[in-house]
Amino acid sequence: MKTNEKTETLTTWVEVDLAQLRKNLKALERMSKRPVMAVVKANAYGHGLIEIAQAAYAAGMGWAGVARLEEALTLRRGCYNGKILVLGYTPPEAAMLATLEEVSLCVFDLATAKAYDKQARAAGKTLSVHVKIDSGMGRLGLLPEEGKAFVKHLSGLKNLQVEGLFTHFARADEPELNTTGQQLERFHAVVNELEQIGLRPEWVHAANSGGTLGFKEAYYDMVRPGIAMYGLNPSDKALVPKSIKPILSWKTRLVSVKDLPEGHGIGYGHRHVLEKPAKVGVLAVGYADGFRRVSGNVVLIGGERVAVVGSVCMDQCMVRLDDMPNAKIGDEVVLLGSQGREAITADEIAVRWGTINNDVVATLAPRMPRVYLNG
Ligand SMILES: *Cc1c(COP(=O)(O)O)cnc(C)c1O
C-alpha cells in the first residue's frame with residue numbers, strides 16, 4: 001500500500017519508516033558489536049510502543065527497555081515475546097504480575113527487593129532483577145560503595161535472580177568527558193568487585209545513546225540507545241553518523257481556506273490581527289496533539305515554509321497563506337519532516353519550543369494515528 005492510500009482518510013497523523021528504524025538499529029549494533037536494548041519508553045518516544053518494539057525484535061534486538069511496568073504489560077498484551085526491562089521503579093504490589101509476565105525489574109532498595117522476593121515466591125517463580133547503580137546521575141540507584149553488599153544480599157533471596165547490573169550517564173552527550181569518565185570508573189569498580197566474588201551478573205550495561213556514540217568503554221554486555229535509534233542526535237555536540245536517520249514525520253491538513261478583511265482578529269485573544277486583507281488557513285492540529293502553544297511555529301505547505309499565527313488552539317491552529325494562491329482544503333501540511341525541498345527537523349522545533357528533540361517527539365499525542373511504512 002502506498003502512503004497516500006493509508007493516510008487519505010486521516011486529518012492529522014504520524015508516519016514512521018520501519019525500514020529506516022531497522023537500519024538505525026543495525027548501525028548501532030555494528031558500532032557497538034553488542035546486543036542493543038531498544039528503549040521504547042514513552043510510547044517509543046512518540047513513535048508507537050508495540051509496533052516499534054515488535055519491529056526491533058523482528059530485526060534481532062532481543063531486549064526492550066521501558067520506564068514503567070504498565071508499558072511492559074502493554075507490550076505483553078501486544079504479544080511482544082522479547083525480554084523486557086523496566087528501567088524505573090515498580091511497586092512491590094505489582095511484582096507478582098511482573099514475575100508471571102516474565103518482565104525484569106530494576107532494584108536499588110533492599111526492603112523493596114525483599115518484598116519483590118516474597119511476591120515472586122507467592123507466584124511460585126523467580127523474578128529477574130537488574131541492580132541499578134547511581135554512578136553520578138543523582139537519580140535512581142545505589143551508591144557504588146553499596147553495590148557489592150547489596151548484590152550479595154540479593155543472592156541470598158531464593159526467588160530473585162540478579163540478571164543484570166546497570167548505571168545511567170548524566171553527561172555522555174557533551175564534549176565534557178570527565179563526568180562520564182568518572183561515572184565509568186565508579187561503575188567499573190562495582191563490576192570488578194562482583195567479578196572477584198563470582199557474582200557478576202550476566203547483563204552489565206551502561207551506554208545510552210550518548211554513551212553508545214562516544215564511549216566504547218561503556219559497552220559491557222549490551223547498549224541502551226533511545227534517541228539515536230529514532231535517528232535523532234543526543235545533542236548538538238553528539239551527532240549520529242550519516243547512516244542513522246530520523247524515521248518520523250508529522251502531518252496534518254489544511255481544513256479551511258478563506259479570505260478575511262483587514263483588521264480581522266485570528267483565534268483566541270485575537271493574538272494576531274490582519275494588518276491587510278489576507279488568505280487565512282486552518283490546520284487540524286493543536287496543543288492537545290503536542291503542537292506547543294508558543295508563537296513562531298512554522299509548517300510546510302506546498303513545499304514552502306508558512307507561519308502559524310495567533311494562539312494555537314487545542315485541536316486547530318491558523319496560518320497566513322499570503323503568497324499561496326493555490327492552497328486548498330485537504331492539502332497535506334508537514335509539521336515535522338520534509339516536503340518538496342524543505343524540511344523541518346525535531347532539532348529545529350526543539351529550539352523554537354525551548355526544549356530538546358526527545359521532548360518534541362515523545363509528547364506527540366497518542367490520539368494521532370501512527371502510520372507505519374516499509375513494515
Ligand atoms: C531513557 C533511558 C535510556 C535511553 O536514553 P537516550 O539518551 O534516549 O539514549 C537508557 N537508559 C535509561 C535508564 C533511560 O532512562
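Just so you know, ligand 1 is whichever comes first in the structure, and atom 1 is the first atom listed for that ligand. The model shown is predicted, which means the values in this text are computed figures rather than measured ones.
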Do you see a donor-acceptor pair shorter than 3.5 Å between the side chains of Ser32 and Glu29?
no
Distance alone, cut at 3.5 Å: any donor-acceptor contact between the side chains of Asn297 and Trp353?
yes
Between Arg305 and Glu342, does at least one N-O distance fall below 4.0 Å, as a salt bridge requires?
yes
Residue Ile227 vicinity, atoms of ligand 1 by number, heavy atom under 4.0 Å:
6 (P), 8 (O), 9 (O)
Any nitrogen or oxygen of Val39, side chain or backbone, less than 3.5 Å from one on ligand 1?
no
So which protein heavy atom does [atom] come closest to, and at what separation?
atom	answer
atom 9 (O) of ligand 1	Ser209 OG, 2.5 Å
atom 5 (O) of ligand 1	Tyr45 OH, 3.5 Å
atom 1 (C) of ligand 1	Lys41 NZ, 1.4 Å

Ligand 1 contact on [X] by region, counting heavy-atom pairs under 4.0 Å:
X	result
Pro225	backbone
Arg224	both
Arg139	side chain

Taking the inter-plane angle between the rings of Phe169 and Phe215 on a 0 to 90° scale, is it parallel (under 30°), tilted (30 to 60°) or perpendicular (over 60°)?
tilted
For Val333 against Arg253, the heavy-atom pair lying closest together
CG2-C, 3.9 Å
Does Phe166 have any ring pair (Phe, Tyr, Trp, His ring centres under 6.0 Å) partners at least two apart in sequence or in another chain, and if so, which?
His205
